[in-house]
S.K.: 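Got a structure for you, written out below as structure tokens; questions coming shortly.
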Amino acid sequence: MARPAEGRQPAAPMSSGQAARRVRILRAASELGAREGLASVQMHDVAKEAGVAIATLYRYFPSKPYLFMAVLEWHIEQFVGGHEDGRERVADGGTDAAAEIAELLITLSVKLLDSPLLASAVALSSFTEYTSVVPARTDLVDSALGQAILRLLCGGVREASATDRSRARLLIYGWWGLFVALLTEELSTAEAETNMRLAARLLLTP
């Protein structure tokens, strides 16, 4: 039987050992999700695969939807970390920045869709109500993806304004909607890419 989620904040790793355990959990959930899909993954299987106690798993991830949303964030962080060359580009809000950001988001979608079952798992988790478990959420713009977009948008030559942050936030919401439409085959790959480039141009071009 699944353990009921508790109304508390998840613990944050305080040491390198704890951080390593958290990563093992995320990796285990990713592998199980990619093989079995969300419905078939059980929390105790994730704990066993990661080599941690079930209490440790729930300490960091109070529910399965929260775990798979963290898996999504972890994969995005890894993806963005491999594209840090964008930090050095100088594109002060112009069309080049819009094109670069659109390509970043398109490539991210392709990368996530390499594992269709895992992509479905994170998408389904995003639609599950878990705000009562984790009431405080980070602003999307402060996520790894949001910061990568702002680095490309501002080119490292100016501080992001409130408008920049709003544009980045809207673009992430737009990207997520297109990603889900692509996952559910409501849009073809070509249609999703065309819409992503259009959204970036409309939102980011002065």
S.K.: Any side-chain heavy atom of Val71 within less than 4.5 Å of one from Arg27?
M.R.: no

S.K.: Apply side chain to side chain contact (heavy atoms under 4.5 Å, CB included) to the pair Lys111 and Thr107, showing each step before the final yes or no.
M.R.: CA-CA 6 Å; Lys111 179 69 173 176; Thr107 305; 5.6 Å; no

S.K.: Find the distance between CZ (Arg151) and CG (Leu104) and round it off to the nearest 0.5 Å.
M.R.: 9.5 Å

S.K.: Just how far is it from atom OG of Ser115 to atom CZ of Arg35, taken to the nearest 0.5 Å?
M.R.: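 With rounding to 0.5 Å, OG (Ser115) is 11.5 Å from CZ (Arg35).
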
S.K.: Can you check whether Val46 reaches Phe61 side chain to side chain, under 4.5 Å on heavy atoms?
M.R.: no

S.K.: Do the non-hydrogen side-chain atoms of Leu145 and Glu73 ever get within less than 4.5 Å of each other?
M.R.: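 A side-chain contact under 4.5 Å is absent here.
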
S.K.: Tell me which one of Glu191, Glu100, Glu103 satisfies salt bridge (charged side-chain N to carboxylate O under 4.0 Å, His left out) with Arg197.
M.R.: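 Among Glu191, Glu100, Glu103, the one meeting salt bridge (charged side-chain N to carboxylate O under 4.0 Å, His left out) with Arg197 is Glu103.
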
S.K.: Provide the closest heavy-atom pair for Trp175 versus Ile76 in the form atom of the first, atom of the second, distance.
M.R.: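 Minimum heavy-atom separation between Trp175 and Ile76: CH2-CD1, 4.3 Å.
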
S.K.: Walk me through it: do Leu105 and Leu171 pass the test side chain to side chain contact (heavy atoms under 4.5 Å, CB included)?
M.R.: CA-CA 9 Å; Leu105 294 171; Leu171 191 60; 3.9 Å; yes

S.K.: Quick one: do Ile54 and Val23 end up in the same hydrophobic cluster if we chain Ile, Leu, Val, Met, Phe, Trp and Tyr together by side-chain heavy atoms under 4.5 Å apart?
M.R.: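 Per the 4.5 Å side-chain linkage, Ile54 and Val23 are co-clustered.
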
S.K.: Looking at every heavy atom in both Ile25 and Tyr60, which two are closest together, and how far apart are they?
M.R.: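 Closest approach of Ile25 to Tyr60: CD1-CD1, 4.2 Å.
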
S.K.: In Å, rounded to the nearest 0.5 Å, how long is the span from OG of Ser125 to CG of Leu67?
M.R.: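 The distance works out to 8.0 Å.
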
S.K.: Rounded at 0.5 Å granularity, tell me how far CG in Leu198 sits from CG in Leu178.
M.R.: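 Leu198 CG to Leu178 CG: 9.5 Å, rounded to 0.5 Å.
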
S.K.: Return the OH to OG distance between Tyr58 and Ser63, rounded to the nearest 0.5 Å.
M.R.: 8.5 Å

S.K.: May I ask you to test the Gln18-Arg59 pair for a side-chain heavy-atom distance under 4.5 Å?
M.R.: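 With C-beta onward as the side chain, the pair touches.
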
S.K.: Rounded to the nearest 0.5 Å, what's the gap from NZ on Lys64 to CG on Leu57? Could you check?
M.R.: 11.5 Å

S.K.: I'd like to check Asp142 versus Arg165 (side-chain heavy atoms, cut-off strictly below 4.5 Å). Are they in contact?
M.R.: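 In short, these two side chains touch, coming nearer than 4.5 Å.
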
S.K.: In the structure I gave you, are the side-chain heavy atoms of Pro65 and Phe127 within less than 4.5 Å of one another anywhere?
M.R.: no

S.K.: Please answer whether the main-chain N or O of Val141 pairs with a side-chain N or O of Arg169 as donor and acceptor at a distance below 3.5 Å.
M.R.: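 Checked: no pair found.
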
S.K.: Of the non-hydrogen atoms in Ala168 and Ile149, which two are nearest, and what is the gap between them?
M.R.: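 Distance-wise, the nearest heavy atoms are CB-CG2, 3.9 Å.
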
S.K.: Do any N or O atoms from the side chain of Ser120 and from the backbone of Pro116 form a donor-acceptor pair under 3.5 angstrom?
M.R.: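 Yes; judged by distance alone, with no hydrogens or angles, the pair exists.
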
S.K.: May I ask you to test the Phe179-Leu113 pair for a side-chain heavy-atom distance under 4.5 Å?
M.R.: yes

S.K.: Taking all non-hydrogen atoms of both residues into account, name the closest pair between Cys154 and Asp164 and its distance.
M.R.: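 Where Cys154 meets Asp164 most closely, the heavy atoms are SG-OD2, 3.7 Å.
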
S.K.: Does a side-chain heavy-atom distance below 4.5 Å link Leu118 with Ser30?
M.R.: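 The answer is yes; the side chains approach within 4.5 Å.
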
S.K.: Does the pair Trp176 and Tyr173 meet the rule for a ring pair (Phe, Tyr, Trp, His ring centres under 6.0 Å), with working shown?
M.R.: CA-CA 5 Å; Trp176 182 250; Tyr173 281 126; 9.9 Å; no

S.K.: Hydrophobic cluster membership, with links at side-chain heavy-atom distances under 4.5 Å among I/L/V/M/F/W/Y: are Val110 and Val80 in one?
M.R.: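 Different clusters.
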
S.K.: Mind listing the closest non-hydrogen atom pair of Leu183 and Ala119 along with its distance?
M.R.: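 Minimum heavy-atom contact is CD2-O, 3.7 Å.
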
S.K.: Given 3.5 Å as the limit, does a donor-acceptor pair link the side chain of Ser126 with the main chain of Ala123, or not?
M.R.: yes

S.K.: With no hydrogens and no angle check, is any side-chain donor or acceptor of Ser143 less than 3.5 Å from a backbone partner on Leu140?
M.R.: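 Answer holds: yes.
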
S.K.: Looking at every non-hydrogen atom in both residues, tell me the closest pair between Ala97 and Leu153 and how far apart they are.
M.R.: CB-CA, 4.2 Å

S.K.: Are Leu38 and Leu117 grouped together when hydrophobic residues (ILVMFWY) are joined by side-chain heavy atoms under 4.5 angstrom apart?
M.R.: no

